[in-house]
Amino acid sequence: LLKYAEDLLTVERRAYIRKSCSITVSYVTYDRHYTDTITNISQKGIFIESQRPLFVGEEIAMSFSMEGFDKPVKIKGEIVQVNRSGIGVEFKDVSPYIEEMLATLIDRMPEKSDR
């Protein structure tokens with residue numbers, strides 16, 4: 001029930017459509033390296049399922065593969081949300097090319113159920 005309530009509060013603030021997914025992501029913050037799973041993605045950010053001790057405002061460098069990209073997507077972000085399930089990350093300094101490619105690929109992704 002608590003997760004459902006958190007989801008409802010988060011949905012109202014979203015400006016871009018998110019798609020549920022399961023994508024392995026490697027990321028670095030400060031001198032720490034982690035590997036976890038992206039559970040949803042939009043043109044402007046991702047949610048990483050994680051139990052790591054991370055904080056809002058931390059900057060991270062991420063790398064993940066998406067169908068349609070020949071090479072892994074390497075992108076910077078800032079943690080904008082932390083909850084029991086993981087972290088919400090907003091992309092930073094995204095080139096117009098990568099932004100357009102993400103929008104196109106996300107639009108083509110099939111819908112997956114979160115439940």
Side-chain angles (χ1 to χ4, degrees):
L1 184 59
L2 183 57
K3 180 173 177 4
Y4 179 72
E6 287 175 342
D7 289 347
L8 286 177
L9 291 173
T10 303
V11 169
E12 293 176 14
R13 294 188 303 236
R14 293 182 181 155
Y16 294 87
I17 294 172
R18 289 187 173 256
K19 295 273 183 107
S20 294
C21 61
S22 182
I23 301 170
T24 300
V25 60
S26 294
Y27 57 102
V28 176
T29 180
Y30 299 110
D31 290 333
R32 299 169 291 177
H33 180 268
Y34 304 111
T35 300
D36 283 310
T37 302
I38 298 170
T39 58
N40 69 51
I41 187 167
S42 79
Q43 184 179 347
K44 295 294 182 179
I46 59 176
F47 188 83
I48 301 173
E49 191 171 80
S50 177
Q51 301 302 312
R52 314 291 180 187
L54 302 168
F55 302 96
V56 170
E58 284 187 69
E59 292 187 5
I60 66 175
M62 302 164 282
S63 176
F64 56 90
S65 295
M66 286 187 71
E67 189 174 320
F69 275 95
D70 295 334
K71 297 179 180 179
V73 176
K74 294 183 179 187
I75 197 164
K76 292 179 183 178
E78 179 181 340
I79 298 173
V80 294
Q81 175 191 14
V82 176
N83 65 33
R84 290 184 194 139
S85 301
I87 57 173
V89 180
E90 182 178 308
F91 297 140
K92 297 291 181 189
D93 304 322
V94 181
S95 74
Y97 171 76
I98 295 294
E99 193 170 290
E100 186 175 324
M101 288 297 295
L102 282 170
T104 301
L105 292 171
I106 291 165
D107 188 52
R108 293 179 185 168
M109 289 173 71
E111 293 289 336
K112 289 187 179 180
S113 175
D114 283 340
R115 307 198 197 302

Rounded distance (nearest 0.5 Å) linking atom CD1 of Ile98 with atom CG of Leu105: 9.5 Å

In residues 59-75, what donor-acceptor pairs under 3.5 Å come from side-chain atoms, sequence neighbours left out?
none

If you measure from CD1 on Ile46 to CG on Leu102, what distance do you get to the nearest 0.5 Å? 10.0 Å

Examine distances only and state if a side-chain atom of Gln43 and a backbone atom of Met101 form a donor-acceptor pair shorter than 3.5 Å. no

Mind checking whether Leu54 and Arg32 have side chains closer than 4.5 Å, heavy atoms only? yes

Hey, could you give me each pair passing side chain to side chain donor-acceptor pair (under 3.5 Å) that has a residue in residues 101-110? Not counting sequence neighbours. none

With sequence neighbours excluded, residues passing side chain to side chain donor-acceptor pair (under 3.5 Å) with Thr29: Glu58

Heavy atoms only: give me the nearest Lys44-Glu99 pair and the separation to one decimal. NZ-OE1, 3.1 Å

Rounded to the nearest 0.5 Å, the CD atom of Glu49 sits from the CG atom of Asp36 at a distance of 8.0 Å

Rounded distance [0.5 Å steps], OG in Ser50 versus CG in Asn83: 10.5 Å

If the condition is side-chain contact (heavy atoms from CB on, under 4.5 Å), which residues does Thr35 pass it with, not counting sequence neighbours? Thr24, Ser26, His33

Applying side chain to side chain donor-acceptor pair (under 3.5 Å), name anything that partners Lys92, two or more places apart in sequence or on another chain. Glu90

Are Val28 and Ile48 grouped together when hydrophobic residues (ILVMFWY) are joined by side-chain heavy atoms under 4.5 angstrom apart? no

Any side-chain heavy-atom pair of Ile38 and Tyr27 under 4.5 Å: no

Nearest heavy-atom contact between Met109 and Cys21 is CE-CB, 3.5 Å

Residue pairs involving residues 79-110 (criterion ring pair (Phe, Tyr, Trp, His ring centres under 6.0 Å); sequence neighbours excluded): none

Single-linkage hydrophobic cluster Val80~Val82, side-chain heavy atoms < 4.5 angstrom: no

Mind checking the CZ-CD1 spacing from Arg18 to Ile41? Nearest 0.5 Å is all I need. 9.0 Å

